[in-house]
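Working notes, structure below.
Because the structure is predicted, anything quoted here is derived from the model rather than measured. Letters A, B, ... mirror the listed sequences (proteins, then strands); counts begin at 1.
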Number of protein chains: 2
Amino acid sequence: MKYDPREYPPFAVAVDLAVFTIRQGVCAVLLVERGVDPYAGCWALPGGFVRADESAEDAATRELAEETGLAPFPGHLEQLRTYSTPNRDPRMRVVSVAYVAFAPDLPTPRPGGDVVRARWWAVDELAPSTERPRLAFDHDRIVADAFERVAAKLEYTPLATAFCPAEFTLGELQAVYEAVWGVSLDRPNFRRKVLATPGFVERVEGAAPQVRGRGAPAALYRAGKATALHPPLLRPEGARSFRVG
Amino acid sequence: MKYDPREYPPFAVAVDLAVFTIRQGVCAVLLVERGVDPYAGCWALPGGFVRADESAEDAATRELAEETGLAPFPGHLEQLRTYSTPNRDPRMRVVSVAYVAFAPDLPTPRPGGDVVRARWWAVDELAPSTERPRLAFDHDRIVADAFERVAAKLEYTPLATAFCPAEFTLGELQAVYEAVWGVSLDRPNFRRKVLATPGFVERVEGAAPQVRGRGAPAALYRAGKATALHPPLLRPEGARSFRVG
DNA sequence: TCAAAAGTGTTTTTAGTACACCCATGG
DNA sequence: CCATGGGTGTACTAAAAACACTTTTGA
């Protein structure tokens, strides 16, 4: 490769975060309202520029801690993909590395910096067929890709546990699957499947705290050591899977 | 977001291509030998810088056509992930968006530009336990990630057909699976599985050309319209799946 | 005592596996 | 005529789906 400067035009590199959680049985994503142009007043994914001395992963981790106020972040963070359409940001050439985070129920973040407001949006509120907010840049596309990634990851990894607190019941775990996939699952079969998969969950000895409502007290589990599910827990036919835009 | 220039330090953005094919029943990846420092004499993935007016996808498509000499490229191209460790390129800050390509057997590319040589490397030649060539930058990591992506994609998409010519026999399709996964599959069961999956392959009327060796003439198929396999074709336990480095 | 949630059991259906076997072709 | 690859059939096994049922708690 030659050193002709025209061969490597300068780009700004940013990260965008699609942080998902389950609140009241509904899958939701965190958006912030932009206070400045471009797209002032629009909702956008939280994010920021990658600094000169850090990797995109570092930038995503840093922004995630800033945005949620929690360090270390208790959930799961992974790279989604990179968006690089030339005019996706009208100000300048910005390449954005998008990340997906799976979070247990977090406190609603306090606004700060250029952010006017921040709130959780149920994924249904952003679904294509509904009246939905206008998102900044290509963030509707990123949200759709991110949500599809979340739904797919639940099939072949145990990452549904990343939506739960450190100790959880099988009912809570099932609620994660049902919220993300938009279906109801057969409880006995779900239970058998989870317990039959080595390393998915580990039993925690001790009674279940009876703060979670009526019914018999449930056994508590924590996340196991497996990183993949063999065989996978495939979503049923009618499961939700939307494309925004 | 403010317009403080320190917030968006300049980066060079590059694409790297991990192009895989099946040759003589072996899965192989295309590498080029670098002629200039850094890493002169090392083998590297083909790639180049993203130009000011194109997306990373465009750059990958362009490089793929240049590298293989074929436009349009007959196989499948998809984004893998982005690598952004601060010192991955000693010259300057380079963020690289890596792509994976699935190719039918291509002619060995002619060198050109800064490339001294180019050749196909069997994935076994790059496996961790063997004496293997030193790869430039973090390309051993990218190759490993890319190969894992290929092996996984065969499970739940019909993209094995992208390794085959436009018309192919079920034996050739099975050979793709066996080469990538490093296992032998039961032919009757593989056949049933493929034919039972709607949209995986379509029958092509007409006889099979008897140029492919001995045995009875095989029926010809072409790729179907499905984009995913329901249910997936999971690799057996002993299937190959290596991490380089 | 009833609704809600946890947990167990059983039957049916489906998908996957492991084979044995015949056919067509080229050397 | 036999090795090689294509194609069919069939029995066995494992997993998934559907659903009935008991238990434990809070209201």
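One interatomic measurement links the two molecules: CD of B:Glu237 to C1' of C:dG16, which rounds to 14 Å at whole-angstrom precision. Note: CG (B:Leu173) to P (D:dG7) measures 12 Å, nearest angstrom. In this structure, the CG atom of A:Asn189 is 15 Å from the P atom of C:dA6, given to the nearest Å. Atom pair B:Leu185:CG and C:dG16:P shows a separation of 13 Å (rounding to whole Å applied). The interatomic distance linking A:Phe190 (CZ) with D:dA15 (C1') rounds to 17 Å, in whole Å. When the P atom of D:dG7 is taken as reference, atom CG of B:Leu170 falls 6 Å away, rounded to whole Å. Counting to the nearest Å, the C1' atom of C:dT14 and the NE2 atom of B:His230 are 17 Å from each other. Between B:Leu234 atom CG and C:dT17 atom C1' there is a gap of 14 Å when expressed in whole angstrom units.
Under the rule for a side chain to side chain contact (heavy atoms under 4.5 Å, CB included), the partners of A:Leu70 that lie at least two apart in sequence or sit in another chain are A:Thr68, A:Pro74, A:Leu106.
Across all strands, A:Pro231 comes closer than 4.0 Å only to sugar-phosphate atoms, never to a base (heavy-atom distances).
Sequence order on DNA chain C of the closest nucleotides to B:Asp186 and B:Leu233 puts B:Leu233 first from the 5' end.
For the pair B:Arg235 and B:Glu148, the salt-bridge criterion is met [side-chain N within less than 4.0 Å of a carboxylate O]. A salt bridge links B:Asp145 to B:Arg141: at least one charged side-chain nitrogen sits closer than 4.0 Å to a carboxylate oxygen.
In this structure, of D:dT25, D:dG5, C:dA6, it is D:dT25 that holds the atom nearest to the side chain of A:Pro217. Considering only the side chain of A:Pro188, D:dA20 comes nearest among D:dA20, C:dA6, D:dA17.
Phosphate proximity of D:dA16 to A:Lys193: present, with a side-chain N or O under 4.0 Å from OP1 or OP2. An OP1 or OP2 oxygen of D:dG6 is reached within less than 4.0 angstrom by no side-chain nitrogen or oxygen of B:Arg191. One finds no side-chain N or O of A:Arg214 lying less than 4.0 angstrom from the OP1 or OP2 phosphate oxygen of C:dA3.
For C:dG7, its base sits under 3.5 Å from the side chain of A:Arg187 at one donor and acceptor pair at least. Taking only distance into account, the side chain of B:Arg192 meets the base of D:dG9 through a donor-acceptor pair shorter than 3.5 Å.
With B:Asn189 as the fixed residue, the side chain to side chain donor-acceptor pair (under 3.5 Å) test singles out one of B:Lys193, B:Arg187, B:Arg192, B:Arg191: B:Arg192.
Ring geometry for B:Phe147 versus B:Phe20: interplanar angle of 30 to 60°, hence tilted.
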